[in-house]
Amino acid sequence: MADMTASSLYQLLYVSTLRAEVPLTVVAEIAHRARVANAELGITALLVFDGVHFCQLLEGDRRRVLSLADRIFEDARHQSVEVLHHGAIEKRRFDGFHLAFTTGEDDMSLASLVDLDGDEAVSAFAVLRERLPE
């Protein structure tokens, strides 16, 4: 895999809602497949799922991140997809994690992230990450 320079790194943070008719068991399958695909693409990510909402920060080559985001946004299992932030980054936050996945705790509100955007959304997501179990 080619080594990416800092200037080629890109991040995208989004929230979405799992469609009501989709069984919760599909979430583990999504996470498993994403780990494999992300490793092949050189994408690192953190995916949080609270039982209703997904929130994910993707990092990697700009074209690859945007292509992956397009596939996620077109996935029929998601609805109400909203990009909270995207842009160039100097370094990865989740280096070594092709997909870190966790279910959210009761006191987390991924829905509240929808009211944020840009750096404010990324900062709130970083705080959320700090509250997750290792």
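Here the structure is a predicted model, which is why all the values come from computation and not from measurement.
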Nearest-0.5 Å distance, [atom1] of residue [X] to [atom2] of residue [Y]:
{"X": "S8", "Y": "R62", "atom1": "OG", "atom2": "CZ", "answer": "11.5 Å"}
{"X": "R92", "Y": "L9", "atom1": "CZ", "atom2": "CG", "answer": "5.5 Å"}
{"X": "R64", "Y": "E59", "atom1": "CZ", "atom2": "CD", "answer": "15.0 Å"}
{"X": "R19", "Y": "S80", "atom1": "CZ", "atom2": "OG", "answer": "8.0 Å"}
{"X": "Q79", "Y": "E21", "atom1": "CD", "atom2": "CD", "answer": "7.0 Å"}
{"X": "L46", "Y": "C55", "atom1": "CG", "atom2": "SG", "answer": "8.0 Å"}

Problem set entry | In one Ile/Leu/Val/Met/Phe/Trp/Tyr side-chain cluster, 4.5 Å: V83, V65 | yes
For this session: Name all residues meeting the ring pair (Phe, Tyr, Trp, His ring centres under 6.0 Å) criterion together with H85; count only those two or more places apart in sequence or in a different chain, and write none if there are none.
Result: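 Partners of H85 by the ring pair (Phe, Tyr, Trp, His ring centres under 6.0 Å) criterion come out as none, since no residue qualifies.
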For this session: Return the minimal non-hydrogen interatomic distance between A45 and Q56, and the atom names on each side.
Result: CB-OE1, 3.7 Å
Find out whether [X] and [Y] are in side-chain contact, i.e. whether some heavy atom of one side chain is under 4.5 Å from a heavy atom of the other.
{"X": "L12", "Y": "L57", "value": "no"}
{"X": "R93", "Y": "Q11", "value": "yes"}
{"X": "L18", "Y": "F54", "value": "yes"}

Problem set entry | Flag if over 12 foreign heavy atoms under 6.0 Å of NE2, H86 | no
For this session: List in chain and number order the residues that pass salt bridge (Lys or Arg N to Asp or Glu O under 4.0 Å) with R77, two or more places apart in sequence or in another chain; answer none if no residue qualifies.
Result: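 R77 satisfies salt bridge (Lys or Arg N to Asp or Glu O under 4.0 Å) with D75 once adjacent residues are dropped.
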Side chain to side chain contact (heavy atoms under 4.5 Å, CB included) partners for [X], two or more places apart:
{"X": "V52", "answer": "T17, D50"}
{"X": "R63", "answer": "D61"}
{"X": "L68", "answer": "N38, I43, L58, R71, I72"}

Just list the side-chain donor-acceptor pairs under 3.5 Å for residues 23-32, sequence neighbours left out, or say none.
none

Seminar exercise, completed: Quick note, ring-ring contact (aromatic ring centres under 6.0 Å, His included) partners involving residues 55-75, not counting sequence neighbours, are Y14-F73
